[in-house]
Amino acid sequence: MFNRANRAIPMMGMGGGGGGGGGRGCYIYDENQQPNPRLVSNPDVVFDRGIYMNGSIQLDDGNSMTIWGFTEGGGSMGMGGSFPSPPMRVTQGQIVHTNLTVPMCCAHTIHHHGIEPDMYSDGVGHITWDVSATTYTYQWRASHPGTYFYHCHTNTVLHAEMGMYGGLIIDPPEGPGTLYSGGPTYDQEVIWAVDELDSFWHTLDWTAGTCGADVGLNDLNPDYFVITGVDGAQSALDAPGVAATVRVGERLLARYICAGYYAQRLDFGGLVGTIHISDGRVLPRPVQVTGLRAHSAERYDIIFEPTTPGDYFITAEILHWVTGEVLGTARTRITVV
Ligand SMILES: [Cu+2]
């Protein structure tokens, strides 16, 4: 078992000299990684993911911040990549393999949040082992249509904050344009992955906080607020795939992911949205709302069918989890013509 005391012990002498080399520091990862013993030979879909730890986000005030994430394709460590990481999109009923390749530098995993496969494919570090200097295959079934996300689960508090997540969409057999079999159709879709970023955390090493030192991962002080990897101060107001222009009578699907740690309060700026799916499960009855409040990792599938032309500002307030204080705001826009 791991506890704070034995995390402080350097890994020297464990597992044939892996400890201390290759930048692994004192992180206690699994030396005895094995192939997934339960893989089927004929998956319906295969995703390949590598990792990068040298990306950046350009912020509206001219600053930038280091971002880590997953790359499309495996292989060695990529030179930067998209933020969020490339989405995975599959069809209900499919068996999926996700191949994660991690070089010697470090350890990472992929956890398909809300999918809940067996422990060999769970991707939580120390349950399914941390992947390092190898390729590991996760296997999962796309059972319920809706919006999910995948993220790294090694030193999770830091790695998820650093940007190691991407959207995961399960379409019904009818394909994109239908939310679920027997459910509503939609004409356009956007993804709103709302997240807060703490500049200080983005200077830390991938093992930070795992070696007995207190690096402050219990103290999140976000200074930037993003929607789907775009600064929510200004840029997200017009960002493709985040902002949208729809005609009266069209239906817009917003796939909302609470990708931060603090609570979030969304206001739809005068529009009424209908929530059809929550956390990958169809609601017994759709719910009409003018906004919502969500907590870390929650997802909502919301359909807007605006009736009046105009600019509607979608506002996400990030709330301190104890005091409720508004720490920051991210905004995007739905333009109705
Ligand atoms: Cu990671």
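Each ligand, and each atom within it, is numbered from 1 in the order the structure gives.
Taking a cut-off of 2.8 Å, the protein N, O or S atoms nearer than that to the Cu ion (ligand 1) are His108 ND1, Cys152 SG, His159 ND1.
Here the CZ atom belonging to Phe47 is positioned 6.5 Å from the OG1 atom belonging to Thr98, to the nearest 0.5 angstrom.
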Would you list the atom pairs, donor with acceptor, under 3.5 Å between side chains in residues 281-288 and any protein atom, with sequence neighbours excluded?
none

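Under the side-chain contact (heavy atoms from CB on, under 4.5 Å) criterion, Thr137 pairs with Leu39, His97, Asn99, sequence neighbours left out. For His111, there are no side-chain hydrogen bond (donor to acceptor under 3.5 Å, both in side chains) partners, not counting sequence neighbours.
For the pair Arg331 and Phe313, the distance from NZ or CZ to the six-membered ring centre is under 6.0 Å and the angle to the ring normal is within 45 degrees.
Note on ring orientation: taking the six-membered ring where Trp is involved, the planes of Phe149 and Tyr165 are perpendicular (angle over 60°, cut-offs 30° and 60°).
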